[in-house]
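We use all heavy atoms of the structure for the numbers below, so side chains are in, but hydrogens, waters and symmetry mates are not. All values reported here derive from a predicted model rather than from experimental measurement. So you know, we letter chains A, B, ... as the sequences are listed, proteins then strands, and number each from 1.
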Protein chains: 2
Amino acid sequence: MQPKIKDVARLAGVSVTTVSRVLNGEKYVKDDLKRRVNLAIEELGYAPSHIARSLVRNKTNLIGVIVPDITSSFYATILSSIEEAASDNDYNLLVCNISEDIDKEQKYLNVFQEMRVEGIIIMHEKINDEIRGIIHKMKIPVIFSSVKPIDQQFVSVIVDDYKAAYDATNYLIGLGHEAIGFIGGDMRDITSGQNRYSGYRNALTGGGIRIVHEYIRFGDYKVKSGYEQMKELLRVKNLPTAVFAVSDDMAVGAMNCIRDNGLRVPEDISVMGFDGSQLTELTRPTLTSMEQPIQEMGKVTMQVLLKQVETGEVPDRDIILEHRLVSRESCMARGKQ
Amino acid sequence: MQPKIKDVARLAGVSVTTVSRVLNGEKYVKDDLKRRVNLAIEELGYAPSHIARSLVRNKTNLIGVIVPDITSSFYATILSSIEEAASDNDYNLLVCNISEDIDKEQKYLNVFQEMRVEGIIIMHEKINDEIRGIIHKMKIPVIFSSVKPIDQQFVSVIVDDYKAAYDATNYLIGLGHEAIGFIGGDMRDITSGQNRYSGYRNALTGGGIRIVHEYIRFGDYKVKSGYEQMKELLRVKNLPTAVFAVSDDMAVGAMNCIRDNGLRVPEDISVMGFDGSQLTELTRPTLTSMEQPIQEMGKVTMQVLLKQVETGEVPDRDIILEHRLVSRESCMARGKQ
DNA sequence: ATGAAAGCGCTAACAT
DNA sequence: ATGTTAGCGCTTTCAT
């Protein structure tokens, strides 16, 4: 059984209030007493109970985080910067890895409520009505990171996905490509689904390029689906000379598929990714990618959330961070090999 | 302000005791009352305060986890299975990502104590005396996952690293290789440093192969150091025909380095990894690896820890899981190209 | 079968 | 400058 404040008080020969005062760094405690108290704390190995403190202060310093898949490099990186920002501000994280399990999400939202977390960060946009209802009822600050749900009531920290996809596609057009394949995301997703798809289409149209139905596929952001969708693209009569995948994972899958089918990246087909995950530097050829400022995204998300938690201040619109195209080896000018 | 048990009691027209009883599924509550209480709970959106419960029950259902680097695929995968096992048993995780920051580790251990976590999982073996002292003072069940600290007092869930490295090296010998490079870990680490190194050496000796000093390098398990150590190996006069790296990340770095220097894997140099991370299937060629049962490791870790938490039962020795060599494309028989 | 009241470890009025 | 005491929201004797 751990020592309590009472034990410290008794050992130091003071009242619990005095102990509490030195614990919380208040003035009005003589140095002499302060010393005795600290000695007693040291001797007993006393650490104040966060539980009891939370109860009386009505403040838990806990933030709940819902991640779709912690084994994905993209989310792991955001999470690590979220954790860092939390730690810097003396908040702790309760992490829920839902891995597509909607029931688990509900369960955790309930846990979050029971634990009285002071804010919630959500990193996926597949919010159904039930979840939405639960969130609204909780009346806890909620912020979305890297995604945007249909709800206008929640603020998101994101890049301009439309513009980013537009710029990425435009870059390929600038390299002389006209037959540009697209491996998109889930069209039920606003940011990574719809917006990136629109960006792709409008860039083509803007470049005077006809949109070819067979060049357009949709995956689930993971390596495997990039591989499979690429396999379909390779069945098209006139092969695309470039492919834009809306996640680095899918781009890697696409590169592997191209290679496994005896073609070369980028000589035969250029590949462009999206995200700026660690994978971009690991592959050969290295992967050109439309990068999100992943680290910053996590940090900003936590800062905005904590501001809301502590001051009640809610941003009046989404926080848009800058995207940046990082050119590596997987894309080359058409016909330059 | 969230509703409290008192609010529920008032709305249902019963005492708080009765509400508490239905909350905890006790008998001795008439169906009629139970119904009224549940209705009130529903109407108010009431969720019992975990804080208050923890205080009176003297039980938090919290487990602290210390991860060296959450952005590494290996740790992320263990963590995800730890989280799953925790969730299945109604425990929640407080995750600390130390990323080489020893101060942060100390800070978090203190947080763990204040939060009254019921157990701690640690996934790195760089425990210094100060940390060790703190852990011992806390008197909370501690378990190590995938690593083994020098202390004999802590139990670890690991593979037989010596045997695994021995088997891996032996596999390369079986393929006809004699000039086998080694990219090891930190020799201050028992499992991933010393034991794997011994396995490598003894396999060579057992195969009647002389140990060549220039073939032996040490890295920090990350991709970059695999790349850099491989660069050194390529400077040796008689190039190794195979290289064994004690992490998949380093193996990938080594493969990239070999390729960037105009050589081919596995035709010129075979590469063997260690861990069985997701990377093994992403690279081209795919990576042959001495795999740890990563998922199982996380699950078993949590099960053993929870058993100790709930029954006080401490295993009398380390839990050794089976390693398994998975042969992919990065290793081939010598002189078979 | 239901309720009143004590107490979990702490903080914060309030007193002195 | 220090101490007394009343809660924080819940569970759990102990009564009834």
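Here D:dT2 presents its C1' atom at 9 Å from NZ of A:Lys30, a figure rounded to the nearest Å. Here D:dC10 presents its C1' atom at 12 Å from CD of A:Glu114, a figure rounded to the nearest Å. Summarising the geometry, the separation between CD on A:Gln2 and P on C:dC8 is reported as 16 Å, rounded to the nearest angstrom. At whole-Å resolution of the value, CG in A:Leu23 and P in C:dT11 are 6 Å apart. Summarising the geometry, the separation between CZ on B:Arg10 and C1' on C:dG3 is reported as 16 Å, rounded to the nearest angstrom. Rounded to whole Å, the distance from CG on A:Asn58 to C1' on C:dA12 is 14 Å. Rounded to a whole Å, the NZ atom of B:Lys59 is 15 Å from the C1' atom of D:dT11. Computed from coordinates, the B:Asp7 CG to D:dC8 C1' distance equals 14 Å when rounded to whole Å.
Proximity of A:Ser15 to the phosphate of D:dT2: no side-chain N or O atom is located under 4.0 Å from OP1 or OP2. For A:Arg53 and C:dC10, the shortest distance from a side-chain N or O to OP1 or OP2 is not below 4.0 Å.
In this structure, of C:dA1, D:dT11, D:dG9, it is D:dT11 that holds the atom nearest to the side chain of B:Arg57. Side-chain proximity of B:Val16 to the nucleotides C:dA5, C:dC10, C:dT2 is greatest for C:dA5. Checking D:dG3, D:dG9, D:dT2 against every side-chain atom of A:Val14, the shortest atom distance belongs to D:dG3. Each of C:dG9, D:dC10, D:dT11 was ranked by its minimum atom distance to the side chain of B:Ser20; first place goes to D:dT11. Of the listed nucleotides (C:dG3, C:dT11, D:dG9), C:dG3 has the atom at the smallest distance from the side chain of B:Arg21. Comparing C:dT2, C:dT11, D:dT12 by their nearest atom to the side chain of B:Thr17 picks out D:dT12.
If you check every strand for non-hydrogen atoms under 4.0 Å, A:Leu33 touches sugar and phosphate atoms only. Residue contacts for B:Thr18: at a heavy-atom cut-off of 4.0 Å it reaches the sugar-phosphate backbone alone, with no base atom in range. B:Ser49 comes within contact range of the sugar-phosphate backbone alone, with a heavy-atom separation under 4.0 Å but no base atom that close.
Contact check on B:Lys107 versus B:Asp103 returns no salt bridge, with no Lys/Arg side-chain nitrogen under 4.0 Å from an Asp/Glu carboxylate oxygen.
Side-chain rings of B:His136 and B:Phe154 approach one another, their centers coming within less than 6.0 Å.
Applying salt bridge (Lys or Arg N to Asp or Glu O under 4.0 Å) to B:Glu118 and the options B:Lys139, B:Lys307, B:Arg57, B:Lys59 leaves one that passes, B:Lys59.
One side chain, A:Thr71 or A:Asp69, offers a donor N or O that lies under 3.5 Å from an acceptor on the other.
Contacts classified as salt bridge (Lys or Arg N to Asp or Glu O under 4.0 Å) and involving residues 124-138 of chain B (residues at least two apart or in different chains) are given here: B:Lys126-B:Asp186, B:Lys126-B:Asp189, B:Asp129-B:Arg132, B:Arg132-B:Asp151.
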